[in-house]
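As structure tokens, the structure follows; a few thoughts come after it.
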Amino acid sequence: MDFFCMNNPFQNAMTQLNNAAAIMHLDTNIHEILKQPERLITLAIPVTMDDGRIKVFTGYRSQFNNALGPYKGGIRYHWDVSVDEVKALSFWMMVKCATVNIPMGGGKGGVIVNPKELSEGELERLSRGYVRGLWRNIGSDKDVPAPDVYTTPQIMGWMRNEYEKLVGHADPGVITGKNIEDGGSEARGYSTAQGGVYMVRELTRKMGWNVAGTTVAIQGFGNAGSFMAKILHAEGYKIVAVSDSKGGVYSEDGIDPDKAEKIKNDGGMLGCYCVGTVCNIDEQVSDDGPCRKITNEQLLELPVDILVPAALENVITQDNASRIQAKSIVELANGPTTPEADEVLKEKGVTVVPDVLANAGGVTVSYFEWDQNVKGEHWTEQDVLTKLEKIMVDAFNEVWETKEKYAIDMRTAAFVKAIERVADNMKEQM
Ligand code: NAD
């Protein structure tokens, strides 16, 4: 087995590829091709700043593999963007799309910039400039970008508009993550969490747990975590802890996330509002009552059935992995578990539903958005959810079967299953 290099995401991605390749006896020619992106584009983007100066920004688009369909993946605006990060993220997008078996390939883009330092006009000129450098290589049949860190539906709107001006015709499917009135999909707003909920349901079945007795702790109360908490609570799971960047709350009787959010909106901190009888519904969180304030570190180490990291990457590390008491982890965040921690969790017998499967509901509904755009359709919310559930449940069961077949963990199983699919299509196209 190859080992991981802590600092280089692309080397880590290639280690994952090599490990999966060894298990599945991947064809050596296919393995060779998968060691780099099919196309790596570097852009120098001149932007006229508000003071009249020209500043040149560096941007990238990595098109890793399109054996299953057009490249798909977000565009990130961040000061830490690097070639190796973009290449790794495009590889992981390939794996994610192939894990859930949607007809999209892997891509990712980024610009080295601190968007908070730009005026709105500068941001618009940068976004249009990015597309002017890239337009020949994107399109609904080639490469379909989407929002990522610090890029928004507004930025996607500018990019789509610039692209359509350059090609001279409408192509709403060139970019996803649009507002509904601009061709976005129903349910996209909570699709990542909804996909994660389907994973929790399947896991509960496999483990033979009953829903009412199953305890869940969720780190992060943003788009992914807050919807996850609310939907699971509505389904009858016991949410015993939630947190955001300011810290968390814990109640062994269970927390009502809608009411916890209301306290956050009113006062800036997540509140408690227990579901059970021990804690009065109006009781505020205190340090020694049945509802306790906890830190984010304490949340990760609670003795729960399901731990859901839904905030940052690298929160479960070799430093805290041995203290994790959760029976299972459902990774709604991208990359919350380091490779070293993964090894410890494997030894402890913790079942990890990996990010490439657990949070793939988001990219799946992005694919639905693209599909609706290219067909000129608009599906109802119920249609979207029915299709999403089938894709996610099928993917869970395929990964589970692969895990059993090779006696490996679910993360490696997802990589094996995904690379098997990509390799089969590559062979057909050779
Ligand atoms: P978000 O910005 O909406 O929310 C992030 C949440 O994390 C906030 O509640 C914030 O308070 C909390 N947070 C920040 N720092 C924290 C800390 N130190 N400790 C605990 N909590 C902290 O982001 P999001 O869209 O919910 O994304 C969360 C994770 O899910 C990311 O890893 C993201 O890549 C992943 N993800 C999101 C989507 C999606 O569709 N939103 C899709 C796939 C993966």
Side-chain angles (χ1 to χ4, degrees), residues 1-38 40 62-68 84-101 105-106 108 313-314 316-318 321 328-329 331 334-360 394-430:
M1 174 177 274
D2 284 7
F3 290 99
F4 291 89
C5 160
M6 277 181 79
N7 298 323
N8 188 312
F10 190 63
Q11 280 180 23
N12 283 344
M14 290 302 98
T15 301
Q16 290 171 324
L17 170 68
N18 296 343
N19 291 342
I23 290 165
M24 64 194 280
H25 303 297
L26 179 64
D27 178 300
T28 50
N29 291 326
I30 301 278
H31 190 175
E32 202 54 31
I33 296 171
L34 287 176
K35 286 183 180 167
Q36 51 192 314
E38 291 171 347
L40 179 64
S62 170
Q63 299 180 326
F64 203 91
N65 180 284
N66 65 356
L68 297 187
D84 277 344
E85 181 190 65
V86 170
K87 280 163 61 180
L89 290 166
S90 66
F91 171 80
W92 288 321
M93 281 306 295
M94 175 194 81
V95 172
K96 194 180 290 192
C97 293
T99 299
V100 290
N101 202 14
K108 201 80 182 190
E313 52 198 41
N314 297 340
I316 303 174
T317 66
Q318 60 187 355
S328 68
I329 298 176
E331 294 183 336
N334 277 316
T337 311
T338 66
E340 298 79 15
D342 244 343
E343 293 303 315
V344 178
L345 296 174
K346 255 184 253 174
E347 275 165 32
K348 285 167 66 95
V350 179
T351 303
V352 179
V353 183
D355 48 5
V356 289
L357 173 62
N359 70 31
D394 286 352
F396 181 96
N397 288 310
E398 284 165 354
V399 170
W400 193 272
E401 278 163 23
T402 309
K403 154 183 127 61
E404 304 277 288
K405 177 176 164 189
Y406 293 106
I408 49 181
D409 61 287
M410 283 187 86
R411 190 186 315 281
T412 312
F415 274 74
V416 166
K417 189 75 209 164
I419 290 164
E420 213 170 76
R421 268 195 187 114
V422 171
D424 286 350
N425 275 48
M426 285 170 74
K427 280 184 204 150
E428 278 171 24
Q429 291 158 10
M430 274 171 171

Residue pair [X] / [Y], side-chain heavy-atom distance below 4.5 Å:
X: Asn65; Y: Met426; answer: yes
X: Val352; Y: Met410; answer: no
X: Leu345; Y: Asp409; answer: no
X: Pro354; Y: Glu331; answer: yes

Q: Just say parallel, tilted or perpendicular for the rings of Phe91 and Phe415, cut-offs at 30° and 60°.
A: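 It falls in the tilted class, 30° to 60°.
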**Q.** Gln429 side-chain N/O to Ala67 backbone N/O, donor-acceptor pair under 3.5 Å
**A.**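 Side chain of Gln429 to backbone of Ala67: a pair is present.
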Q. Taking the side chain from Asn66 and the backbone from Gly105, do they hold a donor-acceptor pair closer than 3.5 Å?
A.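 Looks like no, no N/O pair under 3.5 Å.
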Atom [atom1] in [X], atom [atom2] in [Y]: separation rounded to 0.5 Å?
X: Glu85; Y: Asn8; atom1: CD; atom2: CG; answer: 10.5 Å
X: Leu89; Y: Phe10; atom1: CG; atom2: CZ; answer: 11.0 Å
X: Thr99; Y: Leu357; atom1: OG1; atom2: CG; answer: 7.0 Å

Sequence neighbours excluded and cut-off under 3.5 Å, please list the side-chain donor-acceptor pairs for residues 23-34, or say none.
unit_1	atom_1	unit_2	atom_2	d
Asp27	OD1	Asn29	N	2.8
Asp27	OD1	Ile30	N	3.2
His31	NE2	Asn18	OD1	2.8
Glu32	OE1	Lys35	NZ	3.3

(Q) For residues 421-430, which residue pairs pass the salt bridge (charged side-chain N to carboxylate O under 4.0 Å, His left out) check, not counting sequence neighbours? (A)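 Every salt bridge (charged side-chain N to carboxylate O under 4.0 Å, His left out) pair that includes a residue of residues 421-430, provided the two are not neighbours, is Glu398-Arg421.
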Q. Do Asn359 and Lys96 have side-chain atoms, one donor and one acceptor, less than 3.5 Å apart?
A. yes
Q: Go through the structure and list residues passing side-chain contact (heavy atoms from CB on, under 4.5 Å) with Met93, not counting sequence neighbours.
A: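 For Met93, the residues satisfying side-chain contact (heavy atoms from CB on, under 4.5 Å) (neighbours in sequence not counted) are Cys97, Lys108, Val363.
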